[in-house]
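A quick write-up on the structure given underneath.
Note that ligands are numbered from 1 as they come in the structure, with each ligand's atoms numbered from 1 the same way. All figures in this text were calculated on a predicted structure; none of them were measured in a lab.
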Amino acid sequence: MDKVVSLTKRRGFMFQSSEIYGGLNGFWDYGPLGVELKRNVKECWWRDMVTSHDELATAAGAPMPYEMTGLDSTIIMHPQIWKCSGHYDLFHDFMVDCRESKKRYRHDQVSGRWVEARGQRFFVATQLGGTEGEEEAQQRALKFLNLRAKDAASLAWDGPLVSLTTVAEFSQVLGPDAKALGTLTPPREFNLMFKTYVGALSGEEGAAFLRPETAQGIFVNFKNVVDSSRVRIPFGIAQIGKSFRNEITPRNFTFRSREFEQMEIEFFCHPQSSPQWYQYWRDRRYRWYTDLGLAGERLRMREHHTDELSHYSCGTADIEYAFPFLPPGEFGELEGIAHRGDFDLRSHSEGKLVRQGNDLVVELGPDGKPRHPGSGRDLSYFDDFTRERFVPHVIEPSAGADRGTLAFLCEAYREDSVPDEKGEPRARVYLKFHPRLAPIKAAVFPLVKKDGMPEIAVDIYRALKPHFNVFYDEKGAVGRRYARQDEVGTPFCITIDSQTLADQTVTFRDRDTLKQWRVRVDDCVEEVRRRLTGN
Ligand code: ATP
């Protein structure tokens, strides 16, 4: 990973935000090559999911044809949206930090047991519940006191497992991952949403949030899209945009940032066919990554267990990548695909919902009224073919543009050895990007700066430039120029040499195979197009 990070900085893919002022934790800037790479990731996504989608055919694995359309909603929206979506309550937690393990826990998710032994009374904290929690507490108490399992009878337990919230002061608490007592900080309120103020009002009336996801902008525009366009269910609305989360521990380069970009689809369908659509989107999205080069053991699909599912979800799968900064065998989420049922549209219509048995019901406040009232707008859909009215179910493929970009970069990083001009092996670093993702598609070099070669090279560069992002370089030895392009993942180099002057052909060189072949000057644009598209 260190090599990838150093390459990205050296060649201008990514920089720490505000670096000259010492940086700002959790914020990243994309440099000249990084911006092209990330734009290509987003453009591939938009093109493959939205603009090139064939609405007349039934896509492989889909139950029937479907439509796709796009949206660009605002970052700051009505604050009630976050109350109905659940973010306001869910993202509003009391947290305790452990000074020793550097871990952070939700105050109400830690429990533990008081124990007396060897003249001390202390609270053994655990994140587990029930008998598992009791067993873990026993093991940790024994370990802390340097006792063996056979000494378990010497531990005098004072009451059952109770929540950490019942403990007033933490000096006698053994944190869930700590070896010493008193390492937990007092609970602090923590909200993952960035708060801001709209207009001149600085009080609570003007308070608003920077969106923590782009999805809600889609749900609240569902009716607008249906009423203003001719889309019919099943259809999807796609959106790419910035999201903000005041992450507690931003880390692993851009993987967990506080400002990041999401690429989200909310796909609206009939409740009866929603399980098939869920299956379709899982497979479709996985294939998107493999088509662009994330194949093999480092990419996997992980279906959530039922106890991991959000309260509204009937199924969720994550597409995960084995990022090199993770320990061997561990994967990080690139994208989540969730079957969200009718939770979102109903919440924005009726008010924030909670699960009661198998049903979702409006959560009531102490006054018996909805705790977070919805918009009151009817967000159901009327199918004028079947004459049926229903609240559509939603399948949500939610991807991170930054995590995707980082995965493509990590996957592309290669080292090998190539013969130099004298035939001696020379170590090489190259980025094996899929041509669609490569920031620069081709580089044009005159072999030497004389004999009319630069003039021909400039003509070729100008012929290519309106179609592709190409780069012109006439400085230094040609081997060095190749190496610089390999290092940033340019798939093709085009060299104008003495043979060009004789027969009007140039040398094309392939980044990965190092194969060289000759192409007529007039055919350069077509050759690059053919190679990039694989046709
Ligand atoms: P995690 O569990 O890793 O925090 P999440 O499950 O909260 O992620 P979602 O709410 O499902 O993430 O967001 C959808 C996608 O947005 C994620 O799959 C990821 O690609 C991206 N994403 C979420 N949080 C961040 C972040 N802090 N930095 C970069 N990308 C993020």
### Message
When you measure from the heavy atoms of Glu213 to every atom of ligand 1, does any distance fall below 4.0 Å?
### Response
no

#### Entry: Selected option - heavy-atom contact closest to atom 5 (P) of ligand 1, from Arg245, Met263, Gln262
Arg245

### Query
Are Lys441 and Phe468 in a cation-pi contact, defined as NZ or CZ under 6.0 Å from the six-membered ring centre and within 45° of the axis?
no

### Heavy-atom nearest neighbour in the protein, as seen from atom 28 (N) of ligand 1, with distance rounded to 0.1 Å
Ser257 N, 3.0 Å

### Task
Check the side chains of Glu264 and Thr214 for a donor-acceptor pair under 3.5 angstrom, ignoring hydrogens and angles.
yes

### Summary
Tested for ring pair (Phe, Tyr, Trp, His ring centres under 6.0 Å) against Tyr66, the lone hit among Phe268, Trp277, Phe235 is Trp277

### Task
Flag Arg256 as yes when one of its N or O atoms lies below 3.5 Å from any N or O atom of ligand 1, and as no otherwise.
yes

### Query
Considering only protein heavy atoms, which is closest to atom 19 (C) of ligand 1, and at what distance to one decimal place?
Arg403 NH1, 3.5 Å

### Task
List the steps and the verdict of side chain to side chain contact (heavy atoms under 4.5 Å, CB included) for Arg340 and His393.
CA-CA 7 Å; Arg340 298 177 62 95; His393 275 199; over 6 Å; no

#### Entry: Protein contact to atom 22 (N) of ligand 1 [nearest heavy atom, distance to 0.1 Å]
Phe260 CE1, 3.5 Å

### Query
Should Leu334 be listed as contacting ligand 1, given a heavy-atom distance under 4.0 Å as the test?
yes

### Query
Considering only heavy atoms, which of Glu259, Glu333, Glu261, His87 lies nearest to atom 6 (O) of ligand 1?
Glu333

### Protein contact to atom 14 (C) of ligand 1 [nearest heavy atom, distance to 0.1 Å]
Ser398 OG, 3.0 Å

### Query
Does NZ or CZ of Arg285 lie under 6.0 Å from the centre of the six-membered ring of Trp288, at an angle within 45° of the ring axis?
yes

### Message
Between ligand 1 and Phe255, is the shortest N or O to N or O distance under 3.5 Å?
### Response
yes

### Task
Verify the ring-centre separation between Phe325 and Phe253: is it less than 6.0 angstrom?
no

### Task
Please check if the distance between the ring centroids of Phe331 and Phe323 is under 6.0 Å.
no

#### Entry: Side-chain (Asp54) to main-chain (Ala57) donor-acceptor, under 3.5 angstrom
yes

### Query
Counting from 1, what ligand 1 atoms have a heavy atom of Glu247 closer than 4.0 Å?
24 (N), 26 (C), 27 (N)

### Query
Which is closest to atom 21 (C) of ligand 1 in terms of heavy atoms, Gly400, Ala215, Ala407?
Gly400

